[in-house]
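Both backbone and side-chain heavy atoms feed into the values below; hydrogens, waters and symmetry mates do not. Counting starts at 1 for both ligands and their atoms, in listed order.
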Amino acid sequence: TMAHSKALLVLENFIGGKFVTCSSYIDSYNPSTGDVYCRVPDSGKEEVEAAVKAAKDAFPIWSSKSPLERSRILNKLADLIEHDLEAFAQAESKDQGKTITFARTVDIPRAVYNFRFFASSILHHTTECTEMATMGCVHYTSRAPVGVAGLISPWNLPLYLLTWKIAPAIACGNTVVAKPSEMTSVTAWMMCKLLEKAGVPHGVVNVVFGTGAKTGEALVCHPDVPLISFTGSTLTAQRITEKSAPHCKRLSLELGGKNPAIIFDDADLTQCIPMTLRSSFANQGEICLCTSRIFVQRGIYSEFLKRFVAEAKKWKVGNPSDPTVDVGALISEEHLEKVRSYVKKAQAEGARVLCGEGVDSLTLPAGNQKGYFMLPTVIAEVKDESCCMQEEIFGPVTCVVAFDTEEEVIKRANSVKYGLAATVWSSNVGRVHRVAQRLQAGLVWTNCWLVRDLNLPFGGMKASGIGREGAKDSYEFFTEVKTITIKH
Ligand code: NAD
């Protein structure tokens with residue numbers, strides 16, 4: 001009906017400092033109700049072309065500004081987002097299905113911090129210099145922005161991950177064309193409304209909305225976009241690598257994970273259990289760093305399982321806008337079905353589902369009956385070869401298995417195609433060092449999870465990615481280095 005369509009939120013692309021309507025649109029769902037509530041531009045080659053042109057035109061002026069000038073603008077933008085933190089958090093929760101608490105305490109504060117962090121770090125880089133006295137030469141390196149950066153981000157941490165790319169890209173003097181996930185575009189659009197006030201010149205940040213196959217691919221294939229920073233699935237990364245190969249583009253790929261937690265019998269379970277629940281179920285398990293394989297040493301296996309399952313059952317699933325809720329809705333109906341199908345496969349293979357999906361009943365508020373909800377699910381006695389132990393599920397499902405020795409658990413933890421993150425729990429310092437050194441993972445947390453210093457490298461090994469992001473790593477990715485030699 002007209003009344004219904006009038007109520008829909010309609011997004012527009014942001015190109016050259018202006019909001020521009022698109023010829024066609026995609027429906028976007030509210031995951032907690034199952035209703036279409038927003039229309040997202042279905043951009044194609046034409047829109048991407050216009051955005052790349054705007055970014056190219058803005059490059060000479062933006063790249064010639066001093067780091068301090070750019071830093072001031074990034075800080076201003078951080079302040080403006082922070083000023084609207086509650087509105088951003090509400091929008092992220094509604095669009096993505098995540099709890100309002102998570103959006104308020106993690107997503108939006110981190111988006112703000114991403115701009116502040118790179119506003120600061122860009123002021124402190126130094127380049128290298130060496131002397132070759134016998135030749136009468138000094139060598140030094142100089143770094144310059146690359147040009148138009150293509151930024152593609154996923155739906156799980158929408159504004160958080162998009163700004164983790166936009167901030168370093170523009171801090172370094174590049175201009176950008178960004179494409180958020182078509183399922184979670186609202187907060188990026190809200191941010192566009194603040195750019196002018198922050199002093200970001202027209203064309204420095206352009207956002208084109210749409211699907212991966214159409215909008216994303218047009219960006220990846222555009223000859224005037226020399227670098228692509230992508231966060232998403234390993235499958236999409238393979239496609240992007242193929243499509244960008246003819247242009248020899250520089251790629252940064254942050255991909256999936258199948259992250260182990262290794263819990264030795266000398267672990268402090270009073271810390272380990274609540275943190276491993278968080279690392280398994282936070283954001284509905286939709287974080288690339290979430291734990292999905294828990295290896296527990298035999299001596300504490302049954303005690304761990306008992307306490308872990310009892311605590312998992314206390315996680316409240318329901319309306320994401322209720323601040324007492326711990327688990328919101330999954331991103332889409334298709335994704336919910338996919339996550340559920342893993343639980344069914346595990347059962348068919350003889351594993352035991354100890355709580356959650358198919359075991360406990362889920363009661364939802366009247367307004368959320370058609371939402372994409374699922375209970376935190378713990379599965380035990382899953383075989384290492386099972387798809388539940390090998391593939392990324394990306395939902396509130398975690399597998400718990402027993403192990404005997406250090407040597408054995410390292411081997412089993414490494415026997416997946418992914419290598420993003422791992423956690424190790426033990427009070428033996430020698431052991432955590434030994435194990436951390438041998439785990440194939442870009443990040444190893446011992447006796448904690450998700451504690452990040454943005455200065456240090458972030459990224460995955462094996463099928464979890466190529467490249468690292470962080471203060472120095474992002475600076476290196478978003479700039480081109482030149483070695484200059486001077487002879488007296
Ligand atoms: P996805 O790969 O389906 O999509 C990611 C983005 O790529 C979206 O914007 C999508 O529209 C776009 N895209 C899809 N096909 C494309 C194509 N052919 N060309 C260009 N762009 C294309 O991933 P998703 O389902 O949105 O996100 C979940 C995945 O992201 C999980 O695998 C998760 O582990 C991963 N992830 C990784 C990190 C990390 O830092 N390593 C962080 C968050 C999420």
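When non-hydrogen atoms are compared, ligand 1 lies under 4.0 Å from the backbone of L255 (N, CA, C, O) but not from its side chain. At a heavy-atom distance under 4.0 Å, no atom of L235 approaches ligand 1. Here P180 has backbone heavy atoms under 4.0 Å from ligand 1, and that is the only part of it that gets that close. Counting heavy atoms closer than 4.0 Å to ligand 1, residue K243 contributes nothing at all. Neither the backbone nor the side chain of S464 has any atom closer than 4.0 Å to an atom of ligand 1 (non-hydrogen atoms only). At a heavy-atom cutoff of 4.0 Å, ligand 1 is contacted by the side chain of L420 but not by its backbone. Residue I152 touches ligand 1 through its side chain alone, judged by heavy-atom distances below 4.0 Å.
Closest to atom 18 (N) of ligand 1, if we only count protein heavy atoms, is E217 OE1, 2.8 Å. For atom 26 (O) of ligand 1, the closest non-hydrogen atom on the protein side is W155 CD1, 2.9 Å. When only non-hydrogen protein atoms are considered, atom 17 (C) of ligand 1 lies nearest to G212 O, 3.4 Å. The nearest heavy-atom contact from the protein to atom 28 (C) of ligand 1 is F394 CE2, 3.6 Å. Looking only at protein heavy atoms, the nearest one to atom 27 (O) of ligand 1 is P154 CB, 3.2 Å. Of the protein's non-hydrogen atoms, the one nearest atom 35 (C) of ligand 1 is G232 O, 3.2 Å. Nearest protein heavy-atom contact of atom 9 (O) of ligand 1 is S153 O, 2.7 Å.
Pairs passing the side chain to side chain donor-acceptor pair (under 3.5 Å) check and including a residue from residues 10-27, sequence neighbours excluded, read N13-S43, S24-D42, D27-R39.
Taking only non-hydrogen atoms, the option from V220, L157, T236 nearest to atom 2 (O) of ligand 1 is T236. If you check each of G459, A218, G216 against atom 20 (C) of ligand 1, the one with the closest non-hydrogen atom is G216. The residue among A463, C288, S233 with a heavy atom at the shortest distance from atom 23 (O) of ligand 1 is S233.
Short contacts between ligand 1 and E392, defined as distances under 4.0 Å to a heavy atom of the residue, involve ligand atoms 31 (C), 32 (O), 33 (C), 34 (O). Of all the atoms in ligand 1, the ones that sit under 4.0 Å from a non-hydrogen atom of L161 are 42 (C), 43 (C). Here is the list of ligand 1 atoms found below 4.0 Å of a heavy atom in G256: 32 (O), 34 (O). When each atom of ligand 1 is checked for a heavy atom of R239 under 4.0 Å away, the hits are 18 (N). Residue contact check: F458 has heavy atoms under 4.0 Å from atoms 40 (O) of ligand 1.
No hydrogens or angles considered: nothing links the side chains of Q440 and Y418 as a donor-acceptor pair under 3.5 Å.
Ligand 1 has no atom lying under 4.0 Å from any heavy atom of G465. Residue contact check for ligand 1: G460 places no non-hydrogen atom closer than 4.0 Å to it.
Listed by chain and number, the residues in a side chain to side chain donor-acceptor pair (under 3.5 Å) with E254 amount to none (sequence neighbours excluded).
Distance check: R293 CZ to R412 CZ gives 9.5 Å after rounding to the nearest 0.5 Å.
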